[in-house]
Amino acid sequence: MSKGLILLESDTATNASEISLGASNWSTSYNHYIVKWANTSFSADGTLFRMRVLVGGTAQTTALYNQASAVISSVNVYGEHHQSFAAFTLSYNNQGNATGETASGELLLGKFNESTHYPMWFGQWVNVRDTGEMQTKFGGGSYYNAQTNNGVSFFTTSGTFSGDFELYGINKV
Amino acid sequence: MATLEELTTEATAEIEAAKPLYKQVNNERLEFTDADYAQAVTDLANSKWDTQQFGYIQARQEAYGSIGDQLDMQYKDAVNGTTTWKDHIATVKSDNPKP
């Protein structure tokens, strides 16, 4: 049996407003998963890039997302926290559509297959602003509802996005 | 200041203008369902509301500058008897007022 990261889904978003990873491609064989996105660019200026967990393939929209993140920017350091939001926010500043503005990141997902625990995730993600400012964000979040989950979805509050998305299961040794 | 209802109307018009919107599921490109469009309106309206109500916090955070720079201002104020830091904070607050 292979060990390490097992690719469950790979998808290239092209001018999409939402992308789901998992659902029918989800496998409950793993304790932990990694979701990553790279070279993501956006069509609208001033949009927010966000994530939600899936239950039965459907994105959960109830305001039960909690978040604690730190932002280390090339010009400053910030903290960010949200309690009981309707989604997990990946962008710190509004994401823009100027040349060079992109976002990439990865999150370790845990407790997604355990019906008595809250799904949680942590990781790091970066975005480059039109000013050239680099923002690295790290931290985590949870969805305050004990239920099994089978994936995540990414979306923007306006416009579309394009980029490469992958979901991996981490194989048990 | 706009109410959430007014922002929802604004968001509805923007989503209508942006149609069709697509989602990708299992590598398949699908147009949003009515429920997806309704959720997109809710998300956009809430985002506008958050920006209106709480955007000043982030704007101030950025405009204040780093803690190191602020401490440097305070040190120089203490040495020189100036009020640079206090003036800077007052300017940031007045430039980014609470709604």
Side-chain angles (χ1 to χ4, degrees), chain A residues 8-26 43-44 46-48 50 52 54 57-61 63 71-82 85-87 89 91-94 129 131 133 135 151 153-163 165, chain B residues 4 7-8 10-73 88 92 96:
Chain A
L8 300 177
E9 184 172 353
S10 174
D11 201 351
T12 300
T14 307
N15 299 323
S17 294
E18 183 183 331
I19 187 169
S20 294
L21 295 159
S24 60
N25 293 310
W26 188 259
S43 71
T47 189
L48 289 169
R50 290 179 159 167
R52 286 178 167 137
L54 305 182
T58 302
Q60 301 302 289
T61 58
V71 183
I72 297 182
S73 148
S74 56
V75 299
N76 209 336
V77 177
Y78 313 103
E80 184 181 36
H81 51 89
H82 300 299
F85 255 47
T89 303
S91 44
Y92 172 68
N93 285 103
N94 287 340
R129 304 181 70 185
T131 56
E133 178 188 348
Q135 291 186 336
S153 76
F154 295 86
F155 70 102
T156 52
T157 49
S158 59
T160 63
F161 60 92
S162 299
F165 292 79
Chain B
L4 183 57
L7 292 174
T8 300
E10 203 176 287
T12 302
E14 287 180 32
I15 295 295
E16 280 296 321
K19 282 182 176 180
L21 295 176
Y22 294 92
K23 59 182 178 182
Q24 286 187 216
V25 182
N26 297 329
N27 273 313
E28 195 179 351
R29 187 172 171 82
L30 306 168
E31 189 180 349
F32 270 22
T33 62
D34 288 347
D36 292 330
Y37 279 120
Q39 187 62 50
V41 168
T42 301
D43 287 336
L44 182 55
N46 286 339
S47 167
K48 287 172 178 288
W49 175 258
D50 289 340
T51 300
Q52 176 185 276
Q53 298 300 113
F54 310 111
Y56 76 95
I57 296 173
Q58 188 169 313
R60 284 183 180 183
Q61 224 174 6
E62 289 188 46
Y64 283 142
S66 72
I67 291 172
D69 286 346
Q70 291 187 58
L71 286 172
D72 190 50
M73 282 185 216
H88 169 62
V92 170
N96 303 283

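FYI, side chains are in, hydrogens and waters are out, and symmetry mates aren't considered; it's all heavy atoms of this structure. Computed from a prediction, not measured in an experiment: that's the story for all the values here. Within every chain, numbering begins at 1; the chains are lettered A, B, ... in the order of the sequence lines, protein sequences first and strands thereafter.
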Looking only at heavy atoms, which of residues 35-43 of chain B get nearer than 4.5 Å to chain A?
B/Q39, B/D43

Per-residue contacts, residues 44-55 of chain B versus chain A, heavy atoms under 4.5 Å
B/L44, B/S47, B/D50

Residues that A/A59 engages under side chain to side chain contact (heavy atoms under 4.5 Å, CB included), provided they are two or more places apart
A/R52, A/L54, A/S153

Pairing residues for A/S43 by the side chain to side chain contact (heavy atoms under 4.5 Å, CB included) criterion, not counting sequence neighbours:
A/T160

Would you sort out whether A/S17 and B/Y22 count as a side chain to side chain contact (heavy atoms under 4.5 Å, CB included), showing the intermediate values?
CA-CA 6 Å; A/S17 294; B/Y22 294 92; over 6 Å; no

Once you round to the nearest 0.5 Å, how far does CG of B/N27 lie from OG of A/S20?
11.5 Å

Hey, could you give me the CD/OG1 distance between B/E14 and A/T157, rounded to the nearest 0.5 Å?
9.5 Å

Minimal non-hydrogen separation, A/S24 against B/N26, with atom names:
OG-ND2, 2.8 Å

Looking only at atom types and distance, does a side-chain atom of A/D11 sit under 3.5 Å from a main-chain N or O of B/V25, one as donor and one as acceptor?
no

Are the side chain of B/Q24 and the backbone N or O of A/T14 linked by a donor-acceptor pair below 3.5 Å?
yes

Step by step, work out the salt bridge (charged side-chain N to carboxylate O under 4.0 Å, His left out) result for A/R129 and B/E62.
CA-CA 14 Å; A/R129 304 181 70 185; B/E62 289 188 46; 3.5 Å; yes

With a 4.5 angstrom heavy-atom cut-off, which part of [X] approaches chain B: side chain, backbone, both or neither?
X: A/T12; value: backbone
X: A/F161; value: neither
X: A/F155; value: side chain

Quick check on B/Y64 against chain A: is it the side chain, the backbone, both or neither that has a heavy atom closer than 4.5 Å?
neither

